[in-house]
Amino acid sequence: MASFAEVRSLLGEPGFNWSDPAPWVEMEREFGFDFPADFREVVDAYGSVLINNQLHLEHPAAHLLHNLQKSVRDNLEFWQEEDSTEFLPSPVGGGPGELMPIATGRTSETVFIRVPAEPSSPWRVLVQEFDSFSWVLYEMTFREWLLAYLRGEDVMAGSRNFAPDGACYTPLS
């Protein structure tokens with residue numbers, strides 16, 4: 001399993017370092033499940049950021065302009081209106097086996113986590129590329145997927161092209 005230290009070694013020192021669980025509690029109450037700990041750890045450390053000039057990650061703190069809770073709500077609405085069954089292998093939502101949109105890419109991707117069908121099942125990441133209507137399910141936790149992305153592995157369209165000098169992030173205001 002990938003460690004947070006590995007992510008930090010590639011991405012650099014985090015600058016957000018959030019410790020109040022209240023925004024997560026509120027968001028988890030709204031969507032009906034607890035977000036995976038590895039996702040929360042990365043987002044709490046880095047906050048709302050643009051990674052490698054491509055991947056938008058957001059934090060649920062209400063004072064942030066780029067707010068995860070609002071983005072998830074808006075993306076759920078979009079995917080539910082769009083009849084996601086044409087574009088995704090599972091329904092969108094917070095129920096077991098469903099897909100929850102957690103991040104977006106500048107090149108028309110949406111990154112989802114798949115809610116485990118069973119409590120003992122692992123979380124998985126799915127990336128949907130809207131331009132081509134294709135999707136790939138990665139048998140990885142979020143942190144494993146992020147680490148692969150930061151290393152330039154092919155887990156998101158053109159991921160190597162957006163950070164030719166190595167992994168980087170920019171805080172979003």
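Remember, predicted model here, so these are calculated numbers, not experimental data.
In this structure, the side-chain contact (heavy atoms from CB on, under 4.5 Å) partners of Arg106, at least two apart in sequence or on a different chain, are Leu50, Asn53, His56.
Summarising the geometry, atom CG belonging to Leu126 is positioned 9.5 Å from atom OG1 belonging to Thr110; distances are rounded to the nearest 0.5 Å. Distance CZ/Arg40 to CD/Glu28: 4.5 Å, rounded to 0.5 Å. With values rounded to the nearest 0.5 angstrom, Glu109 atom CD is found 16.0 Å from Trp135 atom CH2.
Under the 4.5 Å side-chain criterion, counting only non-hydrogen atoms from C-beta, Leu57 is not in contact with Ser48. Contact of the Ile113 side chain with the Phe35 side chain is registered, since non-hydrogen atoms from C-beta on lie closer than 4.5 Å. With a 4.5 Å cut-off on side-chain heavy atoms, Arg124 and Trp145 do not count as touching.
For the pair Ser71 (side chain) and Leu68 (backbone), a donor-acceptor distance under 3.5 Å is absent. Using modelled atom types, no side-chain atom of Glu26 and backbone atom of Pro23 make a donor-acceptor pair closer than 3.5 Å. In this structure, the side chain of Glu98 engages the main chain of Gly94 through a donor-acceptor pair within 3.5 Å. Not a single donor-acceptor pair under 3.5 Å links the side chain of Asn75 to the backbone N or O of Pro101. Although no hydrogens or angles enter the test, the distance criterion places a donor-acceptor pair under 3.5 Å between the side chain of Asp38 and the main chain of Phe142. In terms of modelled atom types and a separation under 3.5 Å, the side chain of Arg143 and the main chain of Ala2 share a donor-acceptor contact.
Using a 4.5 Å cut-off between side-chain heavy atoms of Ile, Leu, Val, Met, Phe, Trp and Tyr, with links allowed through other members, Met156 and Leu10 fall into the same hydrophobic cluster. There is no path of hydrophobic side-chain contacts, each under 4.5 Å, that joins Leu172 to Leu65. Follow the hydrophobic side-chain contacts under 4.5 Å out from Val72 and you never reach Val25; the two are in separate clusters.
Residue pairs meeting the side chain to side chain donor-acceptor pair (under 3.5 Å) criterion with at least one member in residues 16-25, sequence neighbours excluded, are Trp24-Asp44. Applying the side chain to side chain donor-acceptor pair (under 3.5 Å) test to residues at least two apart or on different chains, the pairs with a partner in residues 125-134 are Ser108-Asp131, Ser132-Ser134.
For Trp79 and Phe130, the distance between ring centers is under 6.0 angstrom. Aromatic rings from Phe16 and Tyr46 are positioned such that their centres are separated by 6.0 Å or more.
Taking all atoms of both residues into account, the shortest heavy-atom contact from Ile51 to Tyr149 is O-OH, 3.4 Å. Residues Asp154 and Tyr138 share a closest heavy-atom pair of O-OH, 3.5 Å. Nearest approach of Leu64 to Asn67, heavy atoms of both residues: O-CB, 3.6 Å. Annotation for Leu150 and Ala167: closest pair CD2-CB, 3.8 Å, computed over non-hydrogen atoms. The two residues Leu99 and Pro89 have their closest heavy-atom pair at CD1-CD, 4.1 Å. Trp123 and Val115 get closest at one heavy-atom pair: CZ3-CA, 3.6 Å.
Between Arg8 and Glu41 no salt bridge is recorded (no basic side-chain N to carboxylate O distance below 4.0 Å).
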**Study point:** CA sep, side-chain torsions, deciding dist, call: Glu58, Lys70, side chain to side chain contact (heavy atoms under 4.5 Å, CB included)
**Key:** CA-CA 10 Å; Glu58 297 175 338; Lys70 181 183 180 326; over 6 Å; no
Review point. Where do Leu55 and Leu146 land on the side chain to side chain contact (heavy atoms under 4.5 Å, CB included) test, with the steps shown first?
Key: CA-CA 10 Å; Leu55 176 65; Leu146 181 61; 4.0 Å; yes
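A side chain to side chain contact (heavy atoms under 4.5 Å, CB included) with Phe112 holds for exactly one of Val127, Leu88, Leu137; it is Leu88.
Atom CD of Glu139 is surrounded by more than 12 heavy atoms from other residues, nucleotides or ligands within 6.0 Å.
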